[in-house]
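Working notes, structure below.
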Amino acid sequence: MDRFIHQKNLELFQQQLAESNPTKDRERHNMLLRLLAEEEAKEQKKTLDS
């Protein structure tokens, strides 16, 4: 279940980043970049812990 949620979060953040306009809403764009980076870090941490 955690893997499913993780994958859906990655897909959502990537989609929203692709649709965002950093020149119009830089704060939202930066937040999405941060959330995506945090989600990707979770994946790497799980890989290293295994």
Side-chain angles (χ1 to χ4, degrees):
M1 183 64 138
D2 287 337
R3 181 75 183 145
F4 175 79
I5 294 170
H6 169 72
Q7 188 60 39
K8 289 299 179 183
N9 282 342
L10 288 173
E11 291 172 12
L12 177 65
F13 298 148
Q14 289 168 344
Q15 177 187 3
Q16 289 183 352
L17 268 171
E19 296 171 355
S20 76
N21 184 343
T23 57
K24 287 187 177 180
D25 195 352
R26 179 166 288 164
E27 186 175 326
R28 181 174 187 273
H29 186 80
N30 288 339
M31 177 195 65
L32 290 168
L33 286 172
R34 180 181 52 80
L35 290 170
L36 180 60
E38 288 174 0
E39 200 66 35
E40 289 173 339
K42 288 179 191 177
E43 183 174 38
Q44 286 190 347
K45 184 179 184 309
K46 285 184 181 182
T47 302
L48 292 175
D49 290 345
S50 297

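Nothing here was measured: the structure is a model prediction, and the numbers come from that model.
For the pair Gln16 and Leu35, the minimum side-chain heavy-atom distance is 4.5 Å or more. Contact of the Glu43 side chain with the Arg3 side chain is registered, since non-hydrogen atoms from C-beta on lie closer than 4.5 Å.
For residues 28-37, the set of pairs meeting the salt bridge (Lys or Arg N to Asp or Glu O under 4.0 Å) definition, not counting sequence neighbours, comprises Arg34-Glu38. Pairs of residues two or more places apart, or lying in two chains, that qualify as salt bridge (Lys or Arg N to Asp or Glu O under 4.0 Å) and include a residue from residues 5-15 are Lys8-Glu11.
Taking each heavy atom of Leu32 and Phe13 in turn, the nearest pair found is CD2-CD2, 4.4 Å.
Here CG of Asn9 is found 10.5 Å from CG of Asp2. Values are rounded to the nearest 0.5 Å. Atom CG of residue Asp25 and atom CG of residue Asn30 lie 9.5 Å apart, to the nearest 0.5 angstrom. Taken from CG in Leu10 to NE2 in His6, the straight-line distance is 4.0 Å, to the nearest 0.5 Å.
Under the rule for a salt bridge (charged side-chain N to carboxylate O under 4.0 Å, His left out), Glu40 has no partner lying at least two apart in sequence or in another chain. Applying the salt bridge (charged side-chain N to carboxylate O under 4.0 Å, His left out) test to Asp49 and every residue at least two apart in sequence or in another chain returns Lys45.
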Residues 17-24, side-chain donor-acceptor partners within the protein, below 3.5 Å, at least two apart:
| unit_1 | atom_1 | unit_2 | atom_2 | d |
| --- | --- | --- | --- | --- |
| Glu19 | OE2 | Gln15 | NE2 | 3.4 |
| Ser20 | OG | Leu17 | O | 3.1 |
| Ser20 | OG | His29 | ND1 | 2.7 |
| Asn21 | OD1 | Thr23 | N | 3.1 |
| Asn21 | OD1 | Thr23 | OG1 | 2.6 |

